[in-house]
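Residue numbers run from 1 in the order of the sequence given. Please read these numbers as outputs of a predicted model, since none were measured by experiment.
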Amino acid sequence: MNVIVVKNAEEIAKVAYEKIVKAFEGKQEFTLGLATGGSPLGIYELFRQHKPNVSHVMTVNLDEYVGLAEDDQTSYHTYMAEQLFNHLNFKENHLPDGNVKDLDEACKQYEELLEKHPVDLQLLGIGENGHIGFNEPGTPFNTPTHIVELTESTRNANKIYFENEEDVPTHAVTMGIGSILRAKEVVLIASGIKKAEAVKEMLHGKEDISCPATALQKHSNVTIVVDEEAYSLCKNK
């Protein structure tokens with residue numbers, strides 16, 4: 001893994017944004033995997049500011065909550081529309097559908113989309129428990145797109161986006177770890193002391209399903225962009 005350590009979240013966003021744009025500039029077509037949550041907000045702000053040409057770029061998102069309509073204010077469909085899709089001319093945008101009766105079929109269809117349009121670059125964050133996407137500890141590394149029950153720690157981390165704690169969904173549709181590992185390139189970002197233990201485990205722990213992000217040790221083209229706090233437990237390694 002290529003590790004880039006910067007001072008703060010603002011610098012993380014700048015480095016990651018420039019790397020992503022450089023990857024798709026000059027290409028005839030490109031599939032970009034995107035993430036949600038707080039980590040990529042600075043990157044998306046830079047996209048809105050600079051408005052690069054993305055007319056040849058198709059996006060695929062990692063995940064979506066189960067049971068939320070696309071136009072729900074707390075859905076990832078709404079998040080992505082407000083942060084990015086309403087502001088740039090992407091070729092196509094895709095997110096998993098978590099609001100259908102047959103969720104297994106929805107997972108199958110999303111996996112087929114990913115196989116038809118292999119991800120050129122996947123942007124990731126990392127959870128405090130080492131999850132990537134919504135793949136919680138214990139998820140096999142070969143898992144395709146699937147339904148996951150969110151852990152208490154993950155729901156607790158996401159409750160800031162909901163009016164009431166009980167409104168946080170209990171399940172999500174997510175790209176599996178196997179799906180993520182098929183991306184040709186991965187850029188993972190992490191900021192703050194709360195992510196330090198997960199970053200240390202990802203970089204220096206043994207490859208194990210107890211920390212999903214350690215699966216990235218298998219990948220041949222991963223860049224980790226972290227700030228000093230998130231990297232603080234790795235300095236003596």
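- Under a hydrophobic-cluster definition in which Ile, Leu, Val, Met, Phe, Trp and Tyr are linked whenever side-chain heavy atoms come within less than 4.5 Å, directly or via other members, M175 and Y79 are assigned to different clusters.
- Between the OG1 atom in T31 and the NZ atom in K91 there is a gap of 8.0 Å [rounded to 0.5 Å].
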Which is it for S191 and D227 under the side-chain hydrogen bond (donor to acceptor under 3.5 Å, both in side chains) test, yes or no, and what are the steps along the way?
-> CA-CA 5 Å; S191 173; D227 63 14; 2.7 Å; yes

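- Residues V54 and N89 have side chains in contact (heavy-atom distance under 4.5 Å, counting atoms from C-beta outward).
- Around CD of E152, the count of heavy atoms belonging to other residues, nucleotides or ligands within 6.0 Å does not exceed 12.
- For K51, the NZ atom counts as densely surrounded, since its 6.0 Å shell holds more than 12 non-hydrogen atoms of other residues, nucleotides or ligands.
- For E165, the CD atom is loosely surrounded, since the number of other residues' heavy atoms within 6.0 Å does not exceed 12.
- Judged purely by distance below 3.5 Å, without hydrogens or angles, the side chains of H146 and N135 pair a donor atom with an acceptor atom.
- Rounded to the nearest 0.5 angstrom, N156 CG and T151 OG1 are separated by 9.5 Å.
- Judged purely by distance below 3.5 Å, without hydrogens or angles, the side chains of N99 and E70 never pair a donor atom with an acceptor atom.
- Nearest heavy atom pair, residue G130 against residue C211, reads CA-SG, 4.0 Å.
- Between A13 and G42, the closest heavy-atom pair is CB-C, 3.5 Å.
- Q217 CD to M1 CE: the interatomic distance, rounded to the nearest 0.5 Å, is 5.0 Å.
- Scored by the ring-ring contact (aromatic ring centres under 6.0 Å, His included) test, F134 finds Y65 as partners (sequence neighbours excluded).
- Taking hydrophobic clusters as Ile, Leu, Val, Met, Phe, Trp and Tyr residues chained together by side-chain heavy-atom distances below 4.5 Å, L62 shares a cluster with L216.
- Annotation for V173: hydrophobic cluster partners, listed by chain and number, are V66, V100, L103, I147 (ILVMFWY side-chain heavy atoms under 4.5 Å, direct or chained).
- Taking both residues in full, the closest heavy atoms of S210 and P137 are given as O-CB, 3.4 Å, listed atom of the first, atom of the second, then distance.
- Looking at M202 and L188, their side chains come closer than 4.5 Å, going by heavy atoms from C-beta outward.
- When all heavy atoms of G125 and I132 are compared, the pair lying nearest together is O-CG2, 3.8 Å.
- Here the CD1-OH distance, from I193 to Y231, works out to 13.5 Å after rounding to the nearest 0.5 Å.
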Kindly indicate, with the supporting measurements, whether the criterion side chain to side chain contact (heavy atoms under 4.5 Å, CB included) is fulfilled by L181 and I177.
-> CA-CA 6 Å; L181 290 177; I177 297 175; 4.0 Å; yes

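- Shown are L124, T223, I12; of these, the side-chain contact (heavy atoms from CB on, under 4.5 Å) with I189 is made only by I12.
- Partners of H56 under the ring-ring contact (aromatic ring centres under 6.0 Å, His included) rule, at least two apart in sequence or in another chain, are F24.
- Residue E105 qualifies as enclosed at atom CD: its count of foreign heavy atoms under 6.0 Å is above 12.
- Counted within 6.0 Å of CD on E207, heavy atoms from surrounding residues, nucleotides or ligands total more than 12; the atom is thus considered enclosed.
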Begin with the C-alpha distance, continue with both residues' side-chain angles, and end with the deciding distance and a verdict on side chain to side chain contact (heavy atoms under 4.5 Å, CB included) for L84 and L34.
-> CA-CA 10 Å; L84 203 56; L34 296 175; 3.8 Å; yes

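- Contact annotation: the side chain of E25 never approaches that of P52 to less than 4.5 Å [non-hydrogen atoms, C-beta and beyond].
- No donor-acceptor pair under 3.5 Å is formed between the side chain of E185 and the backbone N or O of L121.
- To the nearest 0.5 Å, atoms CG (L68) and CZ (F162) are separated by 6.0 Å.
- By the 4.5 Å heavy-atom criterion applied to side chains, K206 and T214 are not counted as neighbours.
- Around the CD atom of Q49, the shell of radius 6.0 Å holds more than 12 heavy atoms that belong to other residues, nucleotides or ligands.
- Two residues are said to be in side-chain contact when any heavy atoms from C-beta on lie closer than 4.5 Å; M58 and L113 meet this criterion.
- Connection of L88 to Y76 is established within a shared hydrophobic cluster, with ILVMFWY side chains joined at heavy-atom distances below 4.5 Å, either directly or through further cluster members.
- A salt bridge does not link E112 with K116: every distance from a Lys NZ or Arg NE/NH1/NH2 to an Asp or Glu carboxylate oxygen is 4.0 Å or more.
- Proximity of a side-chain donor or acceptor of N129 to a complementary backbone N or O of H131 within less than 3.5 Å is detected.
- In this structure, E64 contributes its side chain and H77 its backbone to a donor-acceptor pair below 3.5 Å.
- Within the 3.5 Å criterion, the main-chain N or O of V119 finds no donor-acceptor partner in the side chain of R182.
- Under the 4.5 Å side-chain criterion, counting only non-hydrogen atoms from C-beta, T154 is in contact with E136.
- Side-chain contact between S39 and K195: present, with at least one pair of heavy atoms (C-beta onward) separated by less than 4.5 Å.
- Annotation: the span from K27 atom NZ to L32 atom CG amounts to 11.5 Å, rounded to 0.5 Å.
- With hydrophobic clusters built from ILVMFWY side chains whose heavy atoms lie under 4.5 angstrom apart, V6 does not share a cluster with V226.
- Using a 4.5 Å cut-off between side-chain heavy atoms of Ile, Leu, Val, Met, Phe, Trp and Tyr, with links allowed through other members, V15 and I126 fall into different hydrophobic clusters.
- Using a distance-only test at 3.5 Å, with no hydrogens or angles considered, no donor-acceptor pair links the side chain of T174 to the main chain of D63.
- A distance-only check finds no donor-acceptor pair linking the side chain of H219 to the backbone of I180 [under 3.5 Å].
- Using a 4.5 Å cut-off on side-chain heavy atoms (C-beta onward), H117 and V60 make no contact.
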Verdict with supporting geometry, E18 and K14, salt bridge (Lys or Arg N to Asp or Glu O under 4.0 Å) = CA-CA 6 Å; E18 290 175 353; K14 183 175 183 294; 3.0 Å; yes

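- Side-chain contact of S179 with E111: a donor-acceptor pair under 3.5 Å is present, judged by distance alone.
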Apply side chain to side chain contact (heavy atoms under 4.5 Å, CB included) to the pair K184 and N221, showing each step before the final yes or no.
-> CA-CA 7 Å; K184 298 169 189 174; N221 190 5; 5.9 Å; no

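- Of all heavy-atom pairs between P96 and Y110, the closest is N-CE1, 3.4 Å.
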